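So that the names make sense, note that chain A is the first sequence line, chain B the second, and so on, each numbered from 1. Keep in mind the model is a prediction, meaning the values are calculated, not measured.
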Amino acid sequence: MLHIKCPHCGMRSQNEFSYGGDATIKRPELNKDISDQEWNNFVYNRKSLRGKHWELWQHLSGCRQWIKVERDTATHEIFNTLKANEDIS
Amino acid sequence: MQKYSIFNLVKNAFSNHENWDLAWKDPTPKKEYDVVIIGGGGHGLATAYYLAKEHNITNVAIIEKGWIGGGNVGRNTTIIRSNYMYDDNALFSEFGMNLWRKMSQDLNYNVMFSPRGIINLAHSDAQMNIYARRGNSMRLNGIDAILLNREQVKEIIPMADFSENVRFPIFGGLMQPSAGTARHDAVAWGYARQADSMGVDIIQNCEVTGFDVSSGKIKGVRTSRGDISAKKIGLCVAGSTNILAEKLNMTLPIETHLLQACVSEPVKPVLDRVVTFGAGHFYISQSDKGEMVMGGDLDGYNSYAQRGNLPTLQHVLTEGIAMMPFLSKLKMLRTWGGIMDMSMDGSPIIDKTHIEGLYLNCGWCYGGFKATPASGWTFAHTIAQDRVHELNSGYSLSRFNTGHLLDEKGLGTKTWIS
């Protein structure tokens, strides 16, 4: 089982969280001309990295906040966690 | 190639079975091929076989990083079915069913195809309605489907929980009698042996490290065993699709996730169908050895680990016990995981790409094994003719751009939700 350090609540077990996917995907800006390809990249296309991967999790059975987690997708080692409004450096 | 037959079996018995031919060779890669297939799984091996058999293209290499049959073709729960509602999925899968039915004869290799039928259980009136709709759609496409009521299901699988006060009572089910199972390793080995006999080079322990692309055209592939030039390259690597796509500067509507399966200790024959739980995600069948073969949800987050995590397994088996309480008495024999190429609409991609001579076969989600022959057949056609076949025209890469999604389950882009 994964252990995820929620930046609000501390170290908790995986089954308190639900997954939210790639955290680096940015929605195209409002009020701008956006090509189909940009929408395609936002909605469907994913890098799905092997190795370090920034992803969203929600602490569903805890504080219910969305957080960002940097995890290795091959070893499941977790390197870093951030609040949702903190930028990935 | 030595034919497998009763006469050859008897003949070889006199020499203690020590003089059988090798099933396939271990060649050194040549400098150049007409077609290189990357990925020696079921789909890659089937593609090479149909390239040789249907299109007479035999200067073909299959490049495999590990060993053939070591990936998802040896890690699935061996279920074969065509119980789809959408035409594109139904016609493609039913074409595959016809290939399954004659596969043992075609390959001269017993793949132990067992059309024992699959039952999807329903646990509410609404679910019965939607199964009736899917069953009708299947029958319109020439696929057998029977809507069973509670009593009929009870006759077929009396060991399921039919007591009154359960959380998910069994209302009935949708059955495809012609669905079934097959011996998954035999499928890989059978395709490999026939492809090899027609001149295909099966190159194992050979990792792809890069591609040669110039002016929008594929020229060859760089591997751990040297550069290989090729006029055409087919990408057939399931959960590793994104890793190779990155080397081609392509981003695809695919995420790699881990799917677990498990078997119990072997017990006497109790279940002669494939059964799926309708109030969650759990499927079960009994192998010829007597093991209960079970599977269900993805682990739920991107993973290349090829091994699973316990919370998901526990969740899946809880569903199994809710459906068939006797399972709680069984000991677990083995669990394992495979990495799935989860597409964003739950349907696969078999298509050309923007690079001339590069072809893509991926996005099989939960249903890769049953698609092995149809995928190989259509992918071989797409590569040989440089155009998609009618059967895989719905599996285009561009559908994500144009909005022609094949969202059979209507799950949206959260591939890890099932």
Side-chain angles (χ1 to χ4, degrees), chain A residues 1-6 11-28 34-62 66-81 88, chain B residues 237-247 249-258 297-315 337 339-347 349 354 362-363 397-403 405 407 412-418:
Chain A
M1 186 178 302
L2 301 181
H3 288 99
I4 300 171
K5 191 181 167 193
C6 172
M11 195 68 87
R12 298 298 177 94
S13 74
Q14 166 200 337
N15 50 15
E16 291 187 13
F17 295 84
S18 76
Y19 186 63
D22 192 329
T24 63
I25 301 293
K26 288 241 172 7
R27 194 185 195 284
I34 295 156
S35 68
D36 284 354
Q37 190 56 48
E38 282 171 279
W39 276 119
N40 204 11
N41 288 341
F42 166 65
V43 181
Y44 299 119
N45 289 339
R46 298 290 179 268
K47 287 207 169 78
S48 192
L49 300 173
R50 186 183 199 279
K52 287 186 178 183
H53 184 244
W54 275 103
E55 56 203 18
L56 295 168
W57 288 78
Q58 189 186 12
H59 195 185
L60 199 71
S61 309
W66 283 94
I67 61 169
K68 292 173 182 168
V69 177
E70 189 187 30
R71 180 182 61 92
D72 191 307
T73 56
T75 65
H76 301 324
E77 184 181 353
I78 291 173
F79 304 98
N80 205 349
T81 54
I88 299 163
Chain B
V237 292
S240 302
T241 301
N242 285 299
I243 298 174
L244 290 188
E246 196 190 356
K247 297 183 197 299
N249 293 321
M250 285 167 75
T251 318
L252 296 171
I254 302 280
E255 275 186 5
T256 296
H257 285 263
L258 187 117
D297 285 319
L298 297 173
D299 265 20
Y301 42 87
N302 292 41
S303 176
Y304 285 91
Q306 278 196 323
R307 63 179 186 282
N309 215 335
L310 269 178
T312 303
L313 200 59
Q314 188 177 27
H315 171 74
I339 52 171
M340 306 293 121
D341 35 339
M342 302 301 295
S343 72
M344 287 291 175
D345 63 354
S347 297
I349 297 161
H354 70 283
C362 61
L397 180 55
S398 65
R399 70 178 187 268
F400 297 95
N401 245 328
T402 59
L405 300 182
D407 50 348
T413 61
K414 305 285 187 284
T415 61
W416 55 89
I417 296 171
S418 55

>> For A:Ala74 versus B:Ala305, what's the shortest heavy-atom pair and its separation?
In response: O-CB, 3.6 Å
>> Can you give me the closest heavy-atom contact between B:Asn242 and A:Lys47, atom names plus distance?
In response: CB-O, 3.5 Å
> Does any heavy atom of chain A fall under 4.5 Å from the side chain of B:Leu405, the backbone, both, or neither of them?
Replying inline: side chain
>> Assess the residue pair B:Met344 and A:Arg46 against the criterion (side-chain contact (heavy atoms from CB on, under 4.5 Å)); give the C-alpha distance rounded to whole Å, side-chain angles, the decisive distance to 0.1 Å, and a yes or no.
In response: CA-CA 9 Å; B:Met344 287 291 175; A:Arg46 298 290 179 268; 3.3 Å; yes
> Measuring heavy-atom distances to chain A, does B:Ile243 have an atom under 4.5 Å in its side chain, in its backbone, in both, or in neither?
Replying inline: side chain
>> Quick one, B:Asn302 and A:Arg71 - any side-chain contact, counting heavy atoms below 4.5 Å?
In response: yes
>> Let me confirm one number: the OG-CE distance from A:Ser48 to B:Met342, rounded to the nearest 0.5 Å.
In response: 11.0 Å
>> I need the B:Tyr304 OH to A:His53 NE2 distance, nearest 0.5 Å.
In response: 8.5 Å
>> Check this for me: B:Gln314, atom CD, are more than 12 non-hydrogen atoms of other residues, nucleotides or ligands nearer than 6.0 Å?
In response: no
> Heavy atoms, side chains only, cut-off 4.5 Å: are B:Ser303 and A:Thr73 in contact?
Replying inline: no
> Using the ring of each side chain (for Trp, its six-membered ring), is A:Trp57 parallel, tilted or perpendicular to B:Tyr301, with breaks at 30° and 60°?
Replying inline: tilted
>> Please classify the contact of A:Gln14 with chain B as side chain, backbone, both or neither, using a heavy-atom distance under 4.5 Å.
In response: side chain
> Taking atom OH of A:Tyr44 and atom CD of B:Glu255, what is their separation to the nearest 0.5 Å?
Replying inline: 13.5 Å
> Using a cut-off of under 4.5 Å for heavy-atom pairs, which of B:Thr251, B:Thr241, B:Thr312 has the most such pairs with chain A?
Replying inline: B:Thr251
> Out of B:Asn401, B:Thr256, B:Thr413, which one racks up the most heavy-atom pairs below 4.5 Å with chain A?
Replying inline: B:Asn401
> CD of B:Glu246 to CG of A:Leu49: how many Å apart, nearest 0.5 Å?
Replying inline: 6.0 Å
